[in-house]
Structures are given as C-alpha cells and as structure tokens.
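Data first, discussion second: the structure below is written as structure tokens.
Quick caveat: nothing in here was measured; it's all calculated off a predicted structure.
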Amino acid sequence: MWIYLTRHAETQGNIARIVQTPDTPLTSRGHKQAEALANYYKHMPISHILRSDYARTQDSAKPIHQSLSCKLTLEPILRKRNFGDLLMSIQTLNFIPITLCSILE
C-alpha cells in the first residue's frame, strides 16, 4: 500500500502567511494547482481520498476525486491544530503549520 500526502493548494492565507480559518477558499492559482495535481495523480492506482472538512481541502481534493472516481472520506481529525494566541499570525514561527489532504491507495 502506498500513501500519498498532499497539502491543500494555495489560499490567500498562505500568501499573507497567516494561520487560516476553516472556510478559507483557494485562490485562482490554487485551483490551477489542484487541477495540475489531479493530472499528476490520474494514472496512479489511488482508491481512497481522505481529507479534512475544510473548504480548502475540499477544493484541492475535488479535481482528483473527479478524475479518479474513487472513494472520498471527510475526516475532521485532519483539521489544523489550535495555535491559541498565534491564530491568524505566524510571523513569529519558523515554519508554516499545514493542513493535509491525504490521498490513500
């Protein structure tokens, strides 16, 4: 079994380098990235997509799901973690917290 981990495509929050809210949508560039990823994965034997219930992961996974016609599961446990006082500002961090759209075979 292979497991492919994919981060959601670009959002305005990524551009601004802020921790995002659950309803943050993809940018137009992000939608193009998601389409490119679907094209990349289209010949792989992927049978299941597991993603969080955030809008950006839905928008990132949708083209892949449409291309592969595989099982799709929303999993709230994949949500980003609560960063408390750091929410909406990651300028003091040395990394960008990620939300994963996990793609499982």
Side-chain angles (χ1 to χ4, degrees):
M1 173 172 60
W2 287 85
I3 298 175
Y4 304 94
L5 299 177
T6 304
R7 186 173 189 233
H8 63 79
E10 181 185 79
T11 65
Q12 284 298 329
N14 298 139
I15 295 168
R17 295 188 48 81
I18 60 172
V19 178
Q20 304 161 77
T21 60
D23 59 342
T24 304
L26 298 182
T27 61
S28 59
R29 180 178 179 203
H31 284 285
K32 290 176 187 169
Q33 291 171 338
E35 290 291 336
L37 190 61
N39 188 50
Y40 178 79
Y41 281 141
K42 72 181 176 185
H43 296 296
M44 295 184 173
I46 296 171
S47 60
H48 193 165
I49 298 173
L50 179 64
R51 67 168 185 82
S52 80
D53 55 351
Y54 286 174
R56 59 187 169 269
T57 64
Q58 175 180 343
D59 293 343
S60 297
K62 184 177 180 180
I64 302 165
H65 181 244
Q66 289 174 335
S67 175
L68 297 172
S69 298
C70 60
K71 183 177 178 181
L72 177 67
T73 303
L74 279 68
E75 185 52 66
I77 198 167
L78 293 175
R79 292 177 180 170
K80 73 176 182 195
R81 301 300 173 243
N82 184 341
F83 290 96
D85 291 342
L86 294 176
L87 189 62
M88 299 308 292
S89 175
I90 62 168
Q91 298 302 319
T92 59
L93 299 179
N94 292 325
F95 66 95
I96 298 175
I98 62 172
T99 300
L100 297 177
C101 167
S102 302
I103 303 170
L104 306 179
E105 175 184 7

Checking Leu78 against Thr57 for the side chain to side chain contact (heavy atoms under 4.5 Å, CB included) test, could you report, in this order, the C-alpha distance in whole Å, the side-chain angles of both residues, the deciding distance, and whether it holds?
CA-CA 10 Å; Leu78 293 175; Thr57 64; over 6 Å; no

Nearest-0.5 Å distance, OG of residue Ser52 to CD1 of residue Ile77:
12.0 Å

Can you find a pair of side-chain heavy atoms, one from Leu26 and one from Glu10, that are under 4.5 Å apart?
no

Please tell me if the side chains of Ile49 and Ile64 come closer than 4.5 Å, counting only heavy atoms from C-beta onward.
yes

Given Arg29, which partner from the list His31, Gln33, Lys32 fulfils the side-chain contact (heavy atoms from CB on, under 4.5 Å) test?
Gln33

Locate the shortest heavy-atom distance separating Ser60 from Ala9; write the atom from each residue and the value.
OG-N, 2.9 Å

Any side-chain heavy-atom pair from Thr24 and Tyr54 closer than 4.5 angstrom?
no

Do Cys70 and His48 come within less than 4.5 Å of each other through their side chains, counting heavy atoms only?
no

Inter-residue atom distance Gln66.CD - Lys42.NZ, 0.5 Å rounding
14.0 Å

Cluster check Leu74, Leu5: I/L/V/M/F/W/Y, side chain < 4.5 angstrom:
no

Is there a side-chain contact between Asn14 and Arg7, using heavy atoms and a 4.5 Å cut-off?
yes

Within a strict 4.5 Å, meaning less than it, do heavy atoms of the Arg51 and Glu75 side chains meet?
no

Do Asp59 and His8 have side chains that get closer than 4.5 Å, going by heavy atoms?
no

Does the side chain of Trp2 reach to within under 4.5 Å of the side chain of Ile46, using non-hydrogen atoms?
no

Can you list the residues that meet the side-chain contact (heavy atoms from CB on, under 4.5 Å) rule with Gln12, with sequence neighbours excluded?
Ile15, Thr27

